[in-house]
Amino acid sequence: MSVVMNKGADTAAAGAREYLTFRLGQEEYGIDILKVQEIRGYEPPTRIAHAPAFIKGVTNLRGTIVPIVDMRLRFDCAQAEYNSFTVVIILNLRERVVGIVVDSVSDVMELTPEQVRSAPDIESAIDAHCIRGLGSVGERMLILLDIEKLMAGVDMGLASQAV
């Protein structure tokens, strides 16, 4: 299974942004859709010796070697179970292509600035600088991540690549 994302620019009007939403355990997260290259079914990657536990390994994606980060392990979720819903979101970040393993992808949501609130300043497994805010749509609450900052963190173990 592989889905290539169509990146429409219709949401630029009115300051709305589109977010791809995904689940990790009971929590729902959102990342900027413009950072998403594609969504693939989970396939075990090639393990790299001495890499942090949350870096599952690397995979060859059409000639590009892509590090695969298990976000469930990165965020200290209780359990990382691989099943038919587990997917890899391939991100195209400024300096690199990275895959993140998540429990499932929910949908694409458009959020206006009025629907996004500042995140409370609390201690968590996610650096506060990597949280854009909290998005709310009806009863749903999304943790909006700045995925570029999160993947560039020193603790990620991903060395910067020259462009």
Exercise for the section: Fit a plane to each ring of Y29 and F75, take the angle between them on a 0 to 90° scale, and name the class: parallel (under 30°), tilted (30 to 60°) or perpendicular (over 60°). Expected result: tilted
Handout entry: Minimum side-chain heavy-atom gap L144-R17 below 4.5 Å
Key = no
Problem - E38 side chain reached by L61 side chain, heavy atoms, under 4.5 Å - result: yes
Handout entry: Connected via hydrophobic side-chain network under 4.5 Å: L142 and I39
Key = no
Exercise for the section: Indicate yes or no: at least one non-hydrogen side-chain atom of T59 is less than 4.5 angstrom from one of R40. Expected result: no
Handout entry: Sub-4.5 Å side-chain heavy-atom contact between M151 and R96
Key = no
Exercise for the section: Please answer whether the main-chain N or O of I31 pairs with a side-chain N or O of R132 as donor and acceptor at a distance below 3.5 Å. Expected result: no
Problem - Heavy-atom check, side chain of I89 versus side chain of M71, under 4.5 Å - result: no
Exercise for the section: State whether the side chain of R47 and the backbone N or O of I55 hold a donor-acceptor pair below 3.5 Å, judged by distance alone. Expected result: yes
Handout entry: Identified side-chain contact (heavy atoms from CB on, under 4.5 Å) partner of K56 from the options P45, P67, P44
Key = P45
Problem - Distance (rounded to the nearest 0.5 Å) between L24 CG and D76 CG - result: 11.5 Å
Exercise for the section: Return yes if a side-chain donor-acceptor contact under 3.5 Å exists between D70 and Y82, otherwise no. Expected result: yes
Handout entry: Student check: side-chain heavy atoms of V36 and I90 closer than 4.5 Å
Key = no
Exercise for the section: Verify side-chain contact (heavy atoms from CB on, under 4.5 Å) between T86 and R72, making sure each step is shown before the conclusion. Expected result: CA-CA 11 Å; T86 306; R72 301 166 302 184; 4.0 Å; yes
Handout entry: Side chain D103, main chain G25, donor-acceptor under 3.5 Å
Key = yes
Practice task
Examine the side chains of E28 and S106 and answer whether a donor and an acceptor come within less than 3.5 Å of each other.
Solution key: yes
Exercise for the section: Determine whether M109 and L91 fall in the same hydrophobic cluster, where Ile, Leu, Val, Met, Phe, Trp and Tyr are linked whenever their side-chain heavy atoms lie under 4.5 Å apart. Expected result: no
Problem - Euclidean distance, E18 CD relative to T21 OG1, rounded to 0.5 Å - result: 11.5 Å
Handout entry: Within one Ile-Leu-Val-Met-Phe-Trp-Tyr cluster: V116 and L145, side-chain cutoff 4.5 Å
Key = no
Practice task
Group every Ile, Leu, Val, Met, Phe, Trp and Tyr by side-chain heavy-atom contacts under 4.5 Å, then state whether M141 and I131 land in the same group.
Solution key: yes
Handout entry: Passing option when Y19 is tested against V108, L111, L34 for side-chain contact (heavy atoms from CB on, under 4.5 Å)
Key = L111
Handout entry: Note, L93 side chain near K35 side chain (heavy atom, < 4.5 Å)
Key = yes
Practice task
Output yes when a side-chain donor or acceptor of E110 lies under 3.5 Å from a complementary backbone atom of A16, and no otherwise.
Solution key: no
